[in-house]
Amino acid sequence: MDYQFKDIESRWQRFWSENQTYKVENNPSKPKYYVLDMFPYPSGAGLHVGHPLGYIASDIFARYKRLRGFNVLHPMGYDSFGLPAEQYAIQTGQHPAITTETNIKRYREQLDNLGFSFDWSREVRTSDPNYYKWTQWVFMQLFNSWYNLEVDKAEPISTLIAKFETSGSKGIKAECDEDVANFTADEWKRLSEEEQQKELLKYRLTYLRESIVNWCPALGTVLANDEVKEGFSERGGHPVEQKKMMQWSMRITAYADRLLKGLDDLDWPEPLKEMQRYWIGKSVGAMVSFDPIEVFTTRVDTLFGVSFLVLAPEHELVLSLTTPSQKEEIADYIAQTSKKSELDRVANTKTVSGVFTGSYAKHPITGKDIPIWISDYVLAGYGTGAVMAVPSGDQRDWLFAKQFGLPIIPVLDTQKDLDQQADPTKEGRYINSGLINGLIYQEAIPVLIAKLKELDAGKVKVNYRLRDAIFGRQRYWGEPVPVYFKNGLPYLIDEKELPLLLPEVDKYLPTESGEPPLGRAEHWKYQDQYEYELSTMPGWAGSSWYWYRYMDVHNDQAFADKKAISYWKDVDLYIGGSEHATGHLLYSRFWNKVLKDLGYVGQEEPFKKLINQGMIQGRSNFVYRVVNEGGKSTNTFVSVGLRHQYKTIALHVDVNMVENDVLDINRFKFSRAEFADAEFIFEGGKYICGVEIEKMSKSRFNVVNPDDIVERYGADTLRLYEMFLGPLEQSKPWNTNGIEGVFKFLRKFWKLFHDDAFNFCISDETPSKAEYKALHKIIRKVEEDIERFSFNTSVSNFMICVNELQDLKCNKRGILQDLVIVLSPYAPHIGEELWALLGNKAGTLSYATYPKFDERYLIESEFAYPISVNGKMKMNLTISLDLAAPEVEQLVLANDDVQKHLDGRSPKKIIFVKGKIVNLVV
RNA sequence: GCCUAGGUGGUGGAACUGGUAGACACGCAGGACUUAAAAUCCUGUUCGCCUUAAAGCGAGUGCGGGUUCGAUUCCCGCCCUAGGUACCA
């Protein structure tokens, strides 16, 4: 029979599912390998052809590792809490759980269509109470922990209480709020239970804090910064305003340095690591006190170049420092800046504005009076919200000084063009700089720091850009926070009462009094008397630990059994999009470190190797409708090459009516009534469509559904084709133009096992040298490529191999059976079918013995050396590989054709690289 | 602006540590089979010049330099594209 992919694929998919072929046990006698995909949010739109790219790559990798004898954990699940289901619920009243369930079903069908080797018995859903029970449990661990800087790790809060009881707050080095109290052990013991709890909250890894949040009244929810685009919500486009709210926060800043250092040893893409580094934003500098202002600076060496100080308009000392004569001006300025939107502030980097407060600060070393200004180029949220301005070294300070006629003092003898711009150099020797005059940068720093310490006016300080993460959303469809309030103080519910179930509500909107939707739940009180926390957890909660749940998904005693964790350890390969660079991937690393500190898991980092698959963009097609002289649209359409001869407007046309950019006229005519009698101006007898690369979306008519491709060519073709498209990590437009080639390849492969009448026909003869060579070339290639995640080159080489075997008319079991195994990670269905036809036990291909590469088959005795003259290739000459330089040179020079190329000249020098090249230099 | 990745035929792309640029595939052109079409197979296909043809010559991996016997690959300067970021002191 010809290659009947439909029949083959549905049969094997059923077989795998019925026989649980990919169910994996925690089996310590085998080496483990953990291949993880970023789990999807099951949206209503279903999968398009871009989604499976990463899943196909990870599946190939997982199947390959399985064949190489690893016990492979390759699970899949759903990040099923989220805003879209909730918005849909608000609009329709449909419970988000129902929509979510429907969407998951659809996702599952689409995924199953592609022949993935997921162990579905380990599926997780973040919105499932059996799952979020443990998300709540992790929250409790964070609540019950503090960060001890002495040992640089998190500890149970009980160790802190013990310290308070024995020696009070003295000597405690913790990552905590700034307003912690000082007390002795006795004082601590005399505090009431409530006062103690209040104090402890300042140390917990998750804590309540008044934060400014992006509040969206229309959605009735708080949005993350990346959910807000230019003052409007990303979804729905509703206006967003700034609002102060009591919010749960996570003390991720405690881990800033460990999160930064940990990056060095991770096998992640450099751009991704760079993004996280930037996000963490470590800068080493100094705190310097200009009485009464404290500033943070990374260039303490320019201390003598300070000619003024600048405070953020929001700085707490602004009002008290303003002199009566400046009061009005300052008030005006503050009012102005608070009105300015974020965008205005950023857009205006060329012009500077500011106002003098009328007050002066004291330079810590010279004691000189330094004028204090305010300006919006200084941010309240970074450092101390105040800067020492050094116009000679900092461009912003320079602009400010120019604008307001303040002095520009050079501090290094190499600074130049200071009348044009600031010069931030660190080269040269200091001038105008008191005790560091004549020194270089490296010498000056310790001298200055020592002096500032002596004067008690400064110290070394490390500053981070990273902020504590807000952990709460005023929305319904998320994990309830396992906390209740007693006299305004938060307490954890009893662990035995987990999961704290999401209560039913009548509407998914905030209450009339502005409380989150959970405020609508009736009779929802802890022990029937205490208010529960009404906000739910943010989207990243459930995804910050899910890889552990896959290890032991049905455990109801722990988030995962210790044995399972110590076996599976960490994720060996994680594949997903780079859009999670600073969200999910940072929070996951953070929670992992907390769990490690508390002794629940063993690894400091959760994801050893990470690959970002590229985005698959849409490839839109256009038709060009001719516009007549009156400017009216006609019903005539002109082919793209001729469109400039007419006045036209471009219309998106559904890509499913277009093949190789040629429009299917009939389908076009039937697509809409108005096109039924459309006329066409062809080129070369065809209507060619225009092309543009855009995002894949319904409105652009360029969405390609994997189901349609599978229907037409089969899953194996789709899998191979998505890999063939180009390097995994590169973004590229979806284009079906080449898919025929891949499909033809599978048919050719199928043909190798069949005679011309399509009867299965295999020979048991010993393969020839050439046949072995073709096989072992591909064995080696696949092995090399998979290490580099270069799947596209492997597909090309499968084609080369099959072409060669076809030329050799090879139908020998000794070759083809091994080739089936090598190809099976890419095309598992056709593989299983042929594997069974070859007489092997059905369904055993996935765990077959991978053929061993044997160098012997590739050893050549001769090589067709390229002969080049002055580095330009002229001809090939086949020479034995046993020969060394002198003999080769002799042979080359004796050759008539070579002499022709030399044209009478005699070579000055002959370069010979064995097995590579001969180059004659004349 | 800064950070990162990238720029190769009509198209997707290949060339792994400097050694035959354009593998493989699409598309296109021509041919075979066929009443015809589909499918399949064969040949050609970087560009330019020259030639009836065989063959030959020259240019060529964003642009300009450099190192080298030899550069898509290494170095310097610049241009463009994509992603990230936005006054971080």
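To find a chain, count down the sequence lines: A is the first, B the second, and so on, and within it residues start at 1. Note that these values count all heavy atoms, side chains included, but never hydrogens, waters or copies made by symmetry.
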(request) Could you work out which one of B/U4, B/C16, B/A89 sits closest to the side chain of A/Glu274? (result) B/U4
(request) To the nearest 0.5 Å, tell me how far A/Leu805 CG sits from A/Cys810 SG. (result) 5.0 Å
(message) Please pick, from B/C24, B/U20, B/C88, the nucleotide with the shortest atom-to-atom distance to any side-chain atom of A/Arg465.
(response) B/C88
(message) Any base atoms under 4.0 Å from A/Asp394, or only sugar-phosphate, or nothing? Heavy atoms, all strands.
(response) nothing
(request) For A/Arg747 and for A/Glu270, locate the closest nucleotide of RNA chain B by heavy-atom distance; then report the residue assigned to the nucleotide nearer the 5' terminus. (result) A/Glu270
(message) Heavy-atom nearest nucleotide on RNA chain B for A/Thr297 versus A/Tyr278: which residue maps closer to 5'?
(response) A/Tyr278
(request) Count the heavy atoms belonging to other residues, nucleotides or ligands that lie under 6.0 Å from CG of A/Asp756, then report whether that count exceeds 12. (result) no
(message) If you count heavy atoms of other groups shown closer than 6.0 angstrom to CH2 of A/Trp750, is the number above 12?
(response) yes
(message) Nearest to the A/Tyr382 side chain among B/C24, B/C26, B/A89, which nucleotide is it?
(response) B/A89
(message) Once salt bridge (Lys or Arg N to Asp or Glu O under 4.0 Å) is applied, do any residues pair with A/Lys461, and if so which ones, sequence neighbours excluded?
(response) none
(message) With rounding to the closest Å, how many angstrom separate the C1' atoms on B/U45 and B/C26?
(response) 13 Å
(request) Under 4.0 Å between any heavy atoms, over every strand shown, what does A/Val387 touch: base, sugar-phosphate, or nothing? Just pick one. (result) base
(request) Kindly indicate, with the supporting measurements, whether the criterion ring-ring contact (aromatic ring centres under 6.0 Å, His included) is fulfilled by A/Trp734 and A/Tyr721. (result) CA-CA 10 Å; A/Trp734 175 259; A/Tyr721 184 59; 5.5 Å; yes
(request) Answer syn or anti for B/G48, where the cut-off is 90° from 0 on the glycosidic torsion. (result) anti
(request) Choose from B/A59, B/U20, B/A15 the nucleotide whose nearest atom is closest to any side-chain atom of A/Pro866. (result) B/U20
(message) Under 4.0 Å, heavy atoms only, any strand: does A/Lys744 hit a base, just the sugar-phosphate, or nothing?
(response) sugar-phosphate
(message) Return a single string for nucleotides 7-13 of chain B, one symbol per nucleotide in 5' to 3' order, where B is base contact, S is sugar-phosphate-only contact and - is none, cutoff 4.0 angstrom on heavy atoms.
(response) -----BS
(message) Does A/Glu316, at its CD atom, have more than 12 non-hydrogen atoms belonging to other residues, nucleotides or ligands within less than 6.0 Å?
(response) no
(message) Can you tell me which nucleotide in B/A23, B/A89, B/G19 comes closest to the side chain of A/Ile800?
(response) B/A23
(request) Just call it for A/Lys914: base, sugar-phosphate, or nothing, with non-hydrogen atoms closer than 4.0 Å on any strand. (result) nothing
(request) Using a heavy-atom cut-off of under 4.0 Å over every strand shown, decide if A/Asp785 touches base, sugar-phosphate, or nothing. (result) nothing
(message) To the nearest 0.5 Å, what is the distance between CZ on A/Phe749 and CG on A/Asp716?
(response) 10.0 Å
(request) Sticking with atom C1', work out how far B/C50 lies from B/U61, rounded to a whole angstrom. (result) 26 Å
(message) With a 4.0 Å cutoff (strictly under), does any side-chain N or O of A/Arg396 reach OP1 or OP2 of B/C88?
(response) yes
(request) Measure from the side-chain heavy atoms of A/Lys916 and tell me the nearest of B/C41, B/C87, B/G19. (result) B/G19
(request) Runs of at least three consecutive Watson-Crick or G-U pairs, both distances under 3.5 Å, are what I'm after; which ones involve RNA chain B? (result) B:1-7 with B:79-85, B:10-12 with B:24-26, B:27-32 with B:40-45, B:46-49 with B:56-59, B:62-66 with B:74-78
(request) Report, as yes or no, whether the 6.0 Å neighbourhood of atom NZ on A/Lys773 holds more than 12 heavy atoms from other residues, nucleotides or ligands. (result) no
(message) Given B/C41, B/G84, B/C69, identify the nucleotide with an atom nearest to the side chain of A/Met275.
(response) B/G84
(message) Less than 4.5 Å apart, side chain to side chain, heavy atoms only: is that true for A/Tyr865 and A/Ile917?
(response) no
